[in-house]
Each structure stands twice: as C-alpha cells, then as structure tokens.
Amino acid sequence: MQRDTLVFNLIKQELERQRRGIELIASENFTSLQVIEAMGTVLTNKYAEGYPGRRYYGGCEIVDQTEQLAIDRLKQVFNIEYANVQPHSGAQANAAVLLAILQPGDAILGLDLSMGGHLTHGSPVNFSGKLYQAHSYGVKKETGLIDYEMLEDKARKVKPKLIICGASAYSRDIDYARIRLVADEVGAFVMADIAHPAGLIAKNLLSSPFQHCHFVTSTTHKTLRGPRGGIIMIGKDFENPFGLKDVKGNTRMMSNLLDMAVFPGTQGGPLEHVIAAKAIAFGEILTDEFTTYAQQVQKNAQSMATAFVSRGYQIISAGTDNHLMLIDLRNKNISGKKAEQVLGHADITANKNMVPFDDKSAFVTSGIRFGVPAITTRGMKEHDMEFVVNAIDTVLMNADDTSVLMKVKQQVNEFMTQFPLYPELG
Ligand code: DSN
C-alpha cells in the first residue's frame, strides 16, 4: 500500500499549528509522547468486549493486562475502590451512569449549559434532556457562583433521581458536601462530572468529590493530560442504596450496574490502544513531576486572572480556583465570536462561550473561555502570563487592524519557540 501522504501531510501541518500557537482552550492539553505512541499501536486491532478476565473474544490475555493496569493505576491516583476505563469519552461515561440508574422520564437536575454546565447534564439538545425530565440550576447573577439555594429549592420541588454537579465553564471549587445533603433529603443520587478539574483534584488542589458523590465521571484528556477518553469512578463501592435491579431483576453492587451500563449498555468493543495510553497517563499522574505540573496550572491560572483584571476585564466570579476563567467581554465591546476569530488570526486559540445571563446566542456569545493546562505543559510559568494576556488584549483592542494582528502573530510565534513541543518528532 502506498503511504497516504495527503493525510500525513495534514497531520504534520497540525503539529506545526500546535507548535507555533498559544493554546488556551481550557479542555485541551498536550499528552506525553509515550501516550501518543501507545495510541498508534497494534492494540487498535483487538476486539475485547467484556472486562479483564471475562471477555467475549479470545486472545485478550495481553489487553487484559494493559486494561487492568489502567484500572489499578486510576484507583491509586484518586484512592478509590472502583474504576471503569472503557468509556470512549466523557459524554459516553455520563450516558452510562444515567443508563445504569435511571428510567426514561425520570427527573434529573444539573447546572444549566448557559451557566457553565455541560450538554450531558440535561441540555434539551442532548440525550440527557431528551430521554429524561431535565431540570436545571444556575449561578447567582451578582457573584457568578453556583446558586446552591436554587439547587436545593429545585431539588425539593422536582425530586430528581439524580443531581449532577460539575461544569465546563466554571472557575470555582464546588461544595459537594452541601449537594449531597439535599440529595439525601430528596432521595437522589449525586454524580460529579470532574472532566475539567480532575488533574487538580488528583493532587488535592481542589475539594474531592469522592466521599460525597455516588459516582464521579471524567474525561482523561483535559487536566489529566492523557489520551482522549472517559472514565467512571466510585470512591467506595457500595451495595446499591435504592435497590436498583439489573435486566434480570437481580439487585447488584453499583460497580456491576455501571460496568454493564458501559458494556453492553452503551458501547461495544473498548478502544484498547487508548486504554493502554490511559494506563501510561495514570502512571505519569502518580509522579511528583505531575504534582508540580498541577500546582503550576493553578498558579498560572491565578496569574492570568490577575493580569486580565488589571486590564479591566471582567472575570465571571471575579477569579479562579482551578485551571480556567470565563471572561465577560461586554465592557470591551467585542463578542465572543469575533474575539475567538481575531485571536485565531494571531495564532492564539480559545473558544467563545456564553456567560451567565447572556443576551447573545450560543453562536455569538458575550464571553470567551481561557484555560492554562496546555500552555503549562509547554513550560510556561506565572511571569509568562503577562506576555500572553498582553497579546490577547492587544488583539482584542485592535480587532479590525490587520497589521496589528499580524504583528502580534509574529511575536506569538517567536515567543513559542522558547517552549519546544514534541522535538522528537522532528
Ligand atoms: N467540549 C468540552 C469543553 O470544551 O469543555 C466539554 O465537553
């Protein structure tokens, strides 16, 4: 077979794009080269429906070991009793939990997407809002902080079977204990989706959800810096408290119900090449080097927030505890859509985002979201945030001046040469 130079040339171009730009998408990161290597291996050839030691295919003795390693290391990372490493994504992980514990039409309660939540937390355009009776809570207009009173009031009113906490555009820590209190009062499960801050939680830089939430889901490619994928975890495996039954009518441990909800419930064959890469990433997270990385992420985010505030930018909730910040651009007279576009011209990548109580549509938005996991992996420290924020401010304040945008792009490209990315790839 001839080498497909068309595709490989495009991959090379993407590597160059990643190298020369400032990557500020809060949900992105740069994995280690060994994580990438594992994904490009023969493990992609293997069918392994089932779980280690109990598969529906022969020849699984090697992938049993890589998958078991991933499970064991993930349990060690968070000091937990149960982990399923098969979900193909965070959305798949959430779908499996909902399938395991809910019946179609059951009520759920999650943070509104327009207030920082996620599609799978009950958005009407997602399965979670179509199959279940979805209700939402929000943040307070004055503070940008989660409105826990609203969450409690709604929970008492709609009596959800599941309360979902966690967010994709919320820069503060979450009071899991408070959410569990009202969940117990109304007889609901609690699921924390920690896809965004998981790497900081792993290193105890944010509150842990495990002792308060029945289920914890995450992606593996954001602050955990692994391959693209999802995971489901339980802090302490327990007999299922509400007596949920499997399809045969048997009451099972929650871990059994979750395993069945992933496979055969929502997925077929697991991606064993990605699971091997997850095992490698979890091994990396267990090192002191990753502790330093996670601490630096938090320091960089705080330093970036300070630099934005000093230039008159309005950060929702007035700061950050984690790796990201959401900025309301209304006082800067530029939409999120335009900001994303012009920053792109200067090789700065970010995404437009609705802000709470936004008067613009999701396609235009009043806000933009910035995150530091990727630039921290590149090696940036607190003092580098001045350059980054200055470049962003110059672009946004001169959005219609192409010569300024081109000048900033040149400065950005030069600045990024200090932070080599995958030098081994040539
Ligand atoms: N798409 C992810 C993010 O950017 O936050 C959430 O799934």
Side-chain angles (χ1 to χ4, degrees), residues 78-84 87 90-91 93-103 106-113 115-123 126 128-129 131-139 145-168 170 172-198 201 206-219 230-244 252-255 257-258 261-262:
F78 288 105
N79 191 20
I80 53 173
E81 285 190 358
Y82 165 82
N84 186 310
N94 289 348
V97 174
L98 270 56
L99 180 78
I101 62 172
L102 301 174
Q103 294 302 319
D106 278 351
I108 61 173
L109 177 60
L111 181 62
D112 194 292
L113 180 62
M115 301 266 172
H118 188 256
L119 282 166
T120 55
H121 298 184
S123 163
N126 183 263
S128 57
L131 295 184
Y132 306 104
Q133 188 201 126
H135 300 270
S136 60
Y137 56 94
V139 299
L145 299 173
I146 286 175
D147 189 340
Y148 290 98
E149 288 83 25
M150 180 186 190
L151 186 161
E152 288 156 352
D153 289 348
K154 281 252 176 130
R156 289 181 187 118
K157 198 163 143 217
V158 306
K159 302 244 179 316
K161 288 261 171 60
L162 172 69
I163 299 177
I164 305 173
C165 54
S168 59
Y170 185 69
R172 295 300 186 178
D173 206 353
I174 291 177
D175 191 344
Y176 303 107
R178 183 166 178 180
I179 296 172
R180 177 60 187 263
L181 270 182
V182 72
D184 283 347
E185 187 188 318
V186 304
F189 280 114
V190 185
M191 177 180 92
D193 176 346
I194 61 167
H196 267 270
I201 292 170
L206 291 169
S207 310
S208 168
F210 288 101
Q211 61 270 43
H212 304 297
C213 302
H214 300 89
F215 317 105
V216 178
T217 59
S218 182
T219 54
I231 45 179
I232 303 176
M233 299 167 282
I234 299 180
K236 206 168 156 36
D237 194 7
F238 51 87
E239 304 286 343
N240 95 55
F242 302 123
L244 300 179
R252 309 283 292 257
M253 297 283 285
M254 284 314 310
S255 50
L257 292 176
L258 287 176
V262 175

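Since the model is a prediction, treat every value here as computed from it, not as a measurement. The first residue of the sequence shown is numbered 1, and numbering continues consecutively from there.
Looking only at distances, no side-chain donor or acceptor of Y170 sits under 3.5 Å from a matching main-chain atom of L111. With S128 contributing its side chain and G122 its backbone, the two residues share a donor-acceptor pair below 3.5 Å. Side chain of N126 to main chain of S123: no donor-acceptor pair is present (N/O by atom type, distance under 3.5 Å, no hydrogens or angles). The backbone N or O of S207 sits less than 3.5 Å from a side-chain atom of D173, completing a donor-acceptor pair.
H212 contributes atom NE2, which lies 12.5 Å from atom CD1 of I174 (distance to the nearest 0.5 angstrom). To the nearest 0.5 angstrom, Q211 atom CD is 10.0 Å from Y176 atom OH. Here M253 contributes atom CE and E81 contributes atom CD; the two are 8.0 Å apart, rounded to the nearest 0.5 Å. With rounding to the nearest 0.5 Å, the separation of NE2 in H121 from CG in L98 is 9.0 Å.
In summary, the side chains of H118 and D193 do not present any donor paired with an acceptor at a separation below 3.5 Å, with no hydrogens or angles considered.
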Quiz item: Going through the distances and angles, do I179 and Y148 end up as a side chain to side chain contact (heavy atoms under 4.5 Å, CB included)?
Solution: CA-CA 8 Å; I179 296 172; Y148 290 98; 4.0 Å; yes
Practice problem: Applying salt bridge (charged side-chain N to carboxylate O under 4.0 Å, His left out), run through E149 and R178 and close with a yes or a no. | Solution: CA-CA 10 Å; E149 288 83 25; R178 183 166 178 180; 3.3 Å; yes
Exercise. Report the C-alpha distance between D153 and K157 in whole Å, list the side-chain angles of each, state the deciding distance to 0.1 Å, and finish with yes or no for salt bridge (charged side-chain N to carboxylate O under 4.0 Å, His left out).
Key: CA-CA 6 Å; D153 289 348; K157 198 163 143 217; over 6 Å; no
Self-check item: Derivation of the side chain to side chain contact (heavy atoms under 4.5 Å, CB included) call for D147 and Y137
Solution: CA-CA 7 Å; D147 189 340; Y137 56 94; over 6 Å; no
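Closest heavy-atom contact between G117 and S168: O-OG, 2.7 Å. The two residues M150 and G138 come nearest to each other via the heavy atoms SD-N, 3.4 Å. Nearest approach of Y132 to D106, heavy atoms of both residues: CB-O, 3.4 Å. Across all their heavy atoms, L244 and A100 have their closest contact at CD1-O, 4.0 Å. Between A134 and G129, the closest heavy-atom pair is CB-CA, 4.1 Å. The shortest heavy-atom contact between F215 and L258 is CD2-CD1, 3.8 Å.
Looking at I231 and T217, their side chains never come closer than 4.5 Å, going by heavy atoms from C-beta outward. Using a 4.5 Å heavy-atom threshold, the side chains of I194 and M233 count as touching. Proximity of L257 to I101: side-chain heavy atoms (C-beta onward) are nowhere separated by under 4.5 Å. Side-chain contact check for P160 versus V186: some heavy-atom pair is nearer than 4.5 Å. Between I80 and I234, the closest side-chain pair of non-hydrogen atoms is not below 4.5 Å. Looking only at side-chain heavy atoms (C-beta outward), I201 and F78 come within less than 4.5 Å of each other. With a 4.5 Å cut-off on side-chain heavy atoms, V182 and R156 count as touching. The shortest side-chain heavy-atom distance between V139 and L145 does not fall under the 4.5 Å cut-off.
Counted within 6.0 Å of CD on Q103, heavy atoms from surrounding residues, nucleotides or ligands total 12 or fewer; the atom is thus considered open. Other residues, nucleotides and ligands place no more than 12 heavy atoms under 6.0 Å from the NZ atom of K161.
Applying side-chain contact (heavy atoms from CB on, under 4.5 Å) to M191 and the options V216, I164, I108 leaves one that passes, I164. Here the options are Q133, H135, K159, the test is side-chain contact (heavy atoms from CB on, under 4.5 Å), and the partner is L109; only H135 passes.
In this structure, F189 and F242 have perpendicular ring planes: the angle between them is above 60°, well past the 30° mark.
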